[in-house]
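The sequence lines fix the lettering, A, B, ..., with proteins before strands; numbering per chain opens at 1.
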Amino acid sequence: MKMYDFAKIEKKWQKTWRDKGLFKIDEKDVKQKYYCLMMFPYPSAALHVGHGRNYIIGDVVARYKMMRGFDVLTPMGWDAFGLPAENAAIKNGVPPKESTLNNIAKMKKQLDSWGVEFDWGREVTSCLPDYYKWTQWIFLKLFEKGLAYKKKAFVNWCPSCNTVLANEQVVDGACERCDSTVEQKDLEQWFFRITDYADKLLIDIEKLDEWPEKVKIMQRNWIGRSEGVNIDFPIVDSDEKLTCFTTRADTIYGCTYMVLSAEHFMVEELIKDSPGKEEIMDFVRKVRSESKVKRAQSSEDKKGIFTGRYVINSINGRKIPLWIADYVLTEYGTGAVMAVPAHDQRDFEFAKKYDLPIEVVINNPSNPLEADKMRSAYEAEGVLLGSDQFDGIKSSDAMENIADHMEKEGIGKRAIHFRLRDWLISRQRYWGAPIPIIYCDKCGTVPVPENDLPVLLPEVIEFRPTGESPLKDAPDFVKTKCPLCGGEGKREIDTMDTFVDSSWYFLRYISPKMENKPFDKDDVDRWLPVDQYIGGVEHAILHLLYSRFITKVLYDMEYVSFDEPFKRLFTQGMIIKNGAKMSKSKGNVVSPDALIAKYGADTVRLYTLFIGPPEKDAEWSDRGVEGANRFLKRIWNLVAILEKAPETGGSEEAEGTLLRKMHQTIKKVTEDIDGDFHFNTAISAIMELVNQFYSGMNDKGKDCYKRSCVEDVLKNVALLIAPFVPHIAEEINAFMGGKTSIFESVWPVYNKDLLQTDIVTIPIQINGKLRTTLEMPRDISEEKVKEMVLSDEKVLEKVGGKDVRKWIILPNRLINIVM
RNA sequence: GGGCGAGUGGCGGAAUUGGCAGACGCAAAGGACUUAAAAUCCUUCGGUCGCAAGACUGUGAGGGUUCAAGUCCCUCCUCGCCCACCA
């Protein structure tokens, strides 16, 4: 047997898998389906070992499930639209399509070099027309259902770059590129009405019992359902009223003023006759122009202004002043807040600053409150006072009682509000799927007919950041005919958020080439939901929520028969280097290419899997890679031992111990993979088995295992390591006479009877402290156990003569003598 | 400010869910082989005391429950991630 020539071995098997199509499946012919999906990447530059973790984990799962007899679907594609390619175009003049396709080619090569296999016949690329045609179709379906609509909305605006910025591009309230202060600008934008599905999206989280709890909590918080009361406050000297939302109706008697957001729709109307009108409007305009990010930052310093108007608190008929303040969000609730300074920290700070009255209406039973002495609001539970007939009631009960009362009197109504906002999908950008809408002077906003899809993205175009989509400078694109009247029409020039592209790609993999439909319903119903989805936690909220939403819409429209796309979710941890997340800007990326050249793909895979539990972050160490390589060499060396092993003879004892270890290892590895992907402990178990092999030889000589025994062990080792290090496993399998791929073999099964010995080593504790261990036959009676323990010298020395108060005997596990 | 999670040797991490703390690996030290180095193999490796057998101590800090606590309960400290003026 030659030395371990990983380069040759890996090349050979990668070619074999590819030529044969290891994971090639027929979507029509399925016995036991398993859809293993990895989040498709954005084709940026080269992948580093941190990215690699994701695909290696997925590849292990796919290969393992294949050995368990499943028809495994494991496709890959590219989330190929997006800002970086466009920025590169502005900077270097390379067209986005070109740079994107180049990057895809590079990344594909890297995936190949890892031995990560996919059904490449199903590759999808979201920036190509045969894909985005159907992204546009999704838009049309939502439009048809009234779930896509246009409205004015504020966007982050950089006055110096003259462009719209995504939230991530706003750093500390300033433009990430030029550092100018970001403003808010009001633009007409397309939205998806995801809030219509807020309730369903929330309730159905219950169904996701194979998702990490952490992700479910994040989604719940993001959707943010709260129950409360909408309360009407009549405006003094007007027939109108203002409605505010509160979750603390119990504090209504402590409401000493009311506040509106600067964007509230009634602001102009309310202040039109106010004496300080100009000053108020100046304030309002200033607040409106500030970015949300900046506003949140100055949250300690709340600013406001009195409108000169008053409203009535109907529950006690009290007249209270109406203010406008920057701490009220316009998008949440009603954009108006009843302020209760004594029991809400934000109102408290504002009241202190502007000298508004603070009145305690919930008392702290253990430490009665005095309004003038309070240093912060009392937000906890308590007992009501100063609240008419509700005095003396516990605040939690009062919430219900007061809500009942208000509903009866017609002052207010119970209401539910969500923090979830509608999904803004418009981007004033070039590199995205065009929104399939045409504006006609006569017919208005007209959807592009399905037959006219795709609306092609023009390829020759100027890139100048003007604040509007570069598409407006493509006259051939903009100018079109109205599909309804045939008259002059103008195309929508905004493109779609890339999250729209990625919210349905897992469906397209089933029917990647289909031309007249986005996917075949029967096939999709056969393969979905996805059995295992694998990706980073950074997508725990947006991507997963949007995908769930789109799936539910398609379900309601009967395009699919399932209403949740991902049955089981796994979020892997980041790879850290020098204490920081690997990133180009930090200069701490480890490229897998050089490591693969030096040690081989199997070594890099093994180390990546061994580094720690895959759901946790892990620190990368190049030295650790060497250890993984050493282990593979030790396995490789077993082949040489097999060649020299004697046909007969061998030590019965050594073989017995080794085979027991082997069956224990099969059990452990199987359970670790089936559980929560604890590959690190699975691998260490295999290492123990191999160590046992060598230490047996060390004790009993090199002929202690006969040929058939070595063969048995090596065969099982090859099977156990196959999902992790597939190339070397295939090579060993072939060497041992395997005619087919090891992945067509059956996963090994352990023999229960061979797991245990007849003699067990039992720790003996005295008063909970370990004193010695004793060997005794398995399953002997308690009397015998006591007898054996008490006849032991070391035990006698400690116990001798004294009273034993209690025996704790865990059969075959532990003994504790209490004195 | 809110939510979630984590603190175990020089380092990455194990620990049948309350039962021998430190598996497995890395690094380090000593030894074998070698002219030498690399590779490989063997041994040691939480701390203190001891020639040794062994004793004591030890899982962020302090308390508690228990025959028994890394694991459960209470108080506190530190770090990471996500959300963040959500009424």
Participant: Using a strict 4.0 Å threshold on nitrogen-to-oxygen distance, state whether K353(A) and E349(A) make a salt bridge.
Facilitator: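 Salt bridge flag = no for E349(A) with K353(A).
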
Participant: Please determine whether a side-chain nitrogen or oxygen atom of R771(A) lies at a distance below 4.0 Å from atom OP1 or OP2 of A55(B).
Facilitator: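 Yes, R771(A) has a side-chain N/O under 4.0 Å of OP1/OP2 on A55(B).
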
Participant: Establish, for the pair K302(A) and Y327(A), whether the NZ or CZ atom is under 6.0 angstrom from the six-membered ring centre and no further than 45 degrees off its axis.
Facilitator: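 Yes, K302(A) lies over the aromatic ring of Y327(A).
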
Participant: Taking only residues two or more places apart in sequence, or in another chain, which ones meet H417(A) in a side-chain hydrogen bond (donor to acceptor under 3.5 Å, both in side chains)?
Facilitator: N230(A)

Participant: Taking only residues two or more places apart in sequence, or in another chain, which ones meet T571(A) in a side-chain hydrogen bond (donor to acceptor under 3.5 Å, both in side chains)?
Facilitator: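 Checked T571(A) against side-chain hydrogen bond (donor to acceptor under 3.5 Å, both in side chains); zero matches.
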
Participant: Which residues satisfy the side-chain hydrogen bond (donor to acceptor under 3.5 Å, both in side chains) test with Y546(A), sequence neighbours excluded?
Facilitator: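 Checked Y546(A) against side-chain hydrogen bond (donor to acceptor under 3.5 Å, both in side chains); zero matches.
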
Participant: Mind checking what makes salt bridge (charged side-chain N to carboxylate O under 4.0 Å, His left out) contact with E775(A), not counting sequence neighbours?
Facilitator: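 Salt bridge (charged side-chain N to carboxylate O under 4.0 Å, His left out) list for E775(A), sorted by chain: empty.
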
Participant: Of all the choices, A84(B), C24(B), C85(B), which nucleotide is nearest to the side chain of W222(A) once you look at every atom?
Facilitator: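 Of all the options, the side chain of W222(A) is nearest to A84(B).
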
Participant: Which residues pass the ring-ring contact (aromatic ring centres under 6.0 Å, His included) test with Y607(A), sequence neighbours left out?
Facilitator: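 Counting only residues at least two positions away or on another chain, Y607(A) forms a ring-ring contact (aromatic ring centres under 6.0 Å, His included) with W620(A).
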
Participant: Which letter, B, S or -, goes with each nucleotide of nucleotides 9-22 of chain B from 5' to 3', with contact meaning a protein heavy atom under 4.0 Å?
Facilitator: ---BSS----BB--

Participant: Just to be sure I understand: a Watson-Crick pair is purine N1 to pyrimidine N3 plus N6-O4 or O6-N4, both under 3.5 Å. Using that and G-U wobbles, which stems of three or more pairs involve RNA chain B?
Facilitator: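 Runs of three or more consecutive pairs: B:1-7 with B:77-83, B:10-12 with B:24-26, B:28-32 with B:40-44, B:46-49 with B:54-57, B:60-64 with B:72-76.
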
Participant: Quick check on U57(B): is either OP1 or OP2 less than 4.0 Å from any side-chain nitrogen or oxygen of K769(A)?
Facilitator: yes

Participant: If the condition is salt bridge (charged side-chain N to carboxylate O under 4.0 Å, His left out), which residues does R375(A) pass it with, not counting sequence neighbours?
Facilitator: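 Partners of R375(A) by the salt bridge (charged side-chain N to carboxylate O under 4.0 Å, His left out) criterion come out as none, since no residue qualifies.
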
Participant: If the condition is side-chain hydrogen bond (donor to acceptor under 3.5 Å, both in side chains), which residues does T195(A) pass it with, not counting sequence neighbours?
Facilitator: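 Scan of T195(A) (side-chain hydrogen bond (donor to acceptor under 3.5 Å, both in side chains), adjacent residues dropped) gives D422(A).
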
Participant: Are there any protein N/O atoms within less than 3.5 Å of an N/O atom in nucleotides 37-48 of chain B, and if so, which ones and at what distance?
Facilitator:
{"residue": "C41(B)", "atom": "OP1", "partner": "R634(A)", "partner atom": "NH1", "Å": "2.9"}

Participant: So what does T246(A) hit on the nucleic acid, given a heavy-atom distance under 4.0 Å: a base, only sugar-phosphate, or nothing?
Facilitator: sugar-phosphate

Participant: Could you work out, with side chain to side chain contact (heavy atoms under 4.5 Å, CB included) as the rule, every residue matching F693(A), not counting sequence neighbours?
Facilitator: L638(A), I641(A), L658(A), M697(A), Y705(A), V710(A), V713(A)

Participant: Tell me whether U17(B) sits syn or anti, counting syn as a glycosidic angle within 90° of 0.
Facilitator: syn

Participant: Please write out the pairs of protein N or O atoms and N or O atoms of nucleotides 29-34 of chain B separated by less than 3.5 Å, giving the distance to one decimal.
Facilitator:
none

